[in-house]
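All figures in this text were calculated on a predicted structure; none of them were measured in a lab. Residues take their numbers from the sequence shown, with the count starting at 1.
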Amino acid sequence: MAGSTESATERAGEDGHEHRSRWPLVAAVGAASLYLGVGLVFVGLDLVPTVVPIVLGGAGAIGLLAGLAGWANEAFVADYLQGRADSSADLYTTTMVLFLVSDVATFAAGFVYYAFIRTGSWPPAHLPPLLGSLVVVNTALLLASSVTLHYGHEALEDGNRERFLGLLGATLALGVVFLGGQVYEYYEFVAVEGFGIGSGSFGSAFYGLTGLHGLHVALGVLLLAIAFGRALRGHYAPERDTAIRTTSLYWHFVDLVWVFLVVVLYVGAAL
């Protein structure tokens, strides 16, 4: 018994806690189920009953959100509630970087599919004007949100709580407005232009890539909303900023992907 206790202690970190969690696995299984459900909507409705992708997608979304919530609680909230500075800050930052590197492959698959489309007959029979003022405004909003989040994090590190709260709130608002703009863009394309996901291979590529990015933005807005709620309760300090640091990495990645998407998909389609 004593030997097993000693072994457990040796496996623990310097803060006396074992950094093991089931929540990443829950989130990964949920994400896989969500992607599978969405994939079946695109290509498999003639193979399986409609209820199958609905159940897979719904269960996957719940699993993904539950996994991320549990993971965030263990990684960030628990330290605050126990009055400790952030534990394993470098570990969580590195983990986020590795996740984003793996996420590049997800978007790369969509861009490879688009590249194959461009090597075929071009332009498509029905191609509405994609590059308009709404795309420009949405891009400006997302880029501005990266700026406000960066300087908000700097304000936190400088101990300026009021400036930190204002800039974090502005980032959250800009993200929400961006999502509203994308929903309105979809409405214009589908209801006015008659350009939907079933409008040929280009339609599936366009909505697949922009929809995947929109899902990432929605998740980022959720993370920002949680961070803002915690910030209002005074959970953050210069020595307790790991959650803000990792959320910032994720948000800047999402912004960078959007810029690449606009250049390749919106501007590229017009060439």
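Looking at Ile226 and Thr247, their side chains never come closer than 4.5 Å, going by heavy atoms from C-beta outward. Taking the side chain as every heavy atom from C-beta outward, Val217 and Val221 approach each other to under 4.5 Å. At least one side-chain heavy atom of Asp103 sits less than 4.5 Å from a side-chain heavy atom of His216. A heavy-atom distance below 4.5 Å is not found between the side chains of Leu167 and Leu149. By the 4.5 Å heavy-atom criterion applied to side chains, Leu265 and Phe202 are counted as neighbours.
Counting non-hydrogen atoms of neighbouring residues, nucleotides and ligands closer than 6.0 angstrom, the OH atom of Tyr151 reaches no more than 12 such neighbours. The number of heavy atoms from other shown groups lying within 6.0 Å of OH (Tyr184) does not exceed 12.
With 3.5 Å as the limit, one finds no donor-acceptor pair spanning the side chains of Tyr35 and Thr106. In summary, the side chains of Tyr186 and Thr210 do present a donor paired with an acceptor at a separation below 3.5 Å, with no hydrogens or angles considered.
Ser33 places no side-chain N or O within 3.5 Å of a backbone atom of Val29 that could act as its donor or acceptor partner. Formation of a donor-acceptor pair under 3.5 Å by the Glu157 side chain with backbone atoms of Asp241 is not found in this model. Between the side chain of Ser146 and the backbone N or O of Leu143, no donor-acceptor pair lies under 3.5 Å. In this structure a side-chain-to-backbone donor-acceptor pair under 3.5 Å is missing from Arg118 to Tyr114.
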Which is it for Val264 and Leu209 under the side-chain contact (heavy atoms from CB on, under 4.5 Å) test, yes or no, and what are the steps along the way? CA-CA 11 Å; Val264 173; Leu209 282 167; over 6 Å; no

Using the side-chain contact (heavy atoms from CB on, under 4.5 Å) rule, take Leu222 and Leu68 through it: C-alpha gap first, then chi angles, then the decisive distance, then the call. CA-CA 11 Å; Leu222 176 61; Leu68 290 175; over 6 Å; no

One pair to check against side-chain contact (heavy atoms from CB on, under 4.5 Å): Phe99 and Thr246. What are the steps and the verdict? CA-CA 11 Å; Phe99 165 75; Thr246 52; over 6 Å; no

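Smallest separation of non-hydrogen atoms from Gln182 and Gly214: OE1-CA, 3.5 Å. A pairwise comparison of heavy atoms in Phe189 and Pro129 identifies CE2-O, 3.9 Å as the closest pair. In this structure, Ser145 and Asp255 approach most closely via the heavy-atom pair OG-OD2, 3.5 Å. Pairing each heavy atom of Ala205 with each of Ile117, the nearest pair is CB-CD1, 3.6 Å. Closest of all the heavy-atom pairs between Pro53 and Gly37 is CB-O, 3.4 Å. The two residues Ala231 and Phe164 come nearest to each other via the heavy atoms CB-CE2, 3.6 Å.
Residue Leu174 is not grouped with residue Ile244 when hydrophobic side chains (ILVMFWY) are merged at heavy-atom distances under 4.5 angstrom, including chains of intermediate members. One hydrophobic cluster holds both Leu100 and Val104 under the rule that ILVMFWY side chains link at heavy-atom gaps under 4.5 Å. Clustering ILVMFWY residues whenever any of their side-chain heavy atoms sit less than 4.5 angstrom apart, transitively, puts Val147 in a cluster other than the one holding Val176. Val136 and Val257 sit in two unconnected hydrophobic clusters of ILVMFWY residues. Membership requires side-chain heavy atoms under 4.5 Å apart, directly or through other members. Criterion: ILVMFWY side-chain heavy atoms under 4.5 Å apart, direct or through other members. Under it, Leu215 and Val177 are not part of a common hydrophobic cluster.
Between the CD atom of Glu193 and the CG atom of Leu130 there is a distance of 9.0 Å, given to the nearest 0.5 Å. Remark: Leu261 CG to Leu256 CG distance equals 11.0 Å, nearest 0.5 Å. The structure places CZ of Arg240 at 9.0 Å from NE2 of His235, a figure rounded to the nearest 0.5 Å. The OG atom of Ser204 lies 3.0 Å from the OH atom of Tyr113; values are rounded to the nearest 0.5 Å. Atom CG in Leu142 sits 11.0 Å away from atom NE2 in His252 (nearest 0.5 Å). Separating the CG atom in Leu232 from the CZ atom in Arg161 is a distance of 7.0 Å, to the nearest 0.5 Å.
Aromatic ring orientation, Phe253 versus Phe107: perpendicular (interplanar angle above 60°, classes split at 30° and 60°). Ring planes of Tyr266 and Phe206: perpendicular class, angle over 60° (limits at 30 and 60°). By the 30° and 60° cut-offs, the orientation of the rings of Phe178 relative to Trp258 is perpendicular.
Taking the six-membered ring for Trp, Tyr236 and Phe228 have ring centres at least 6.0 Å apart.
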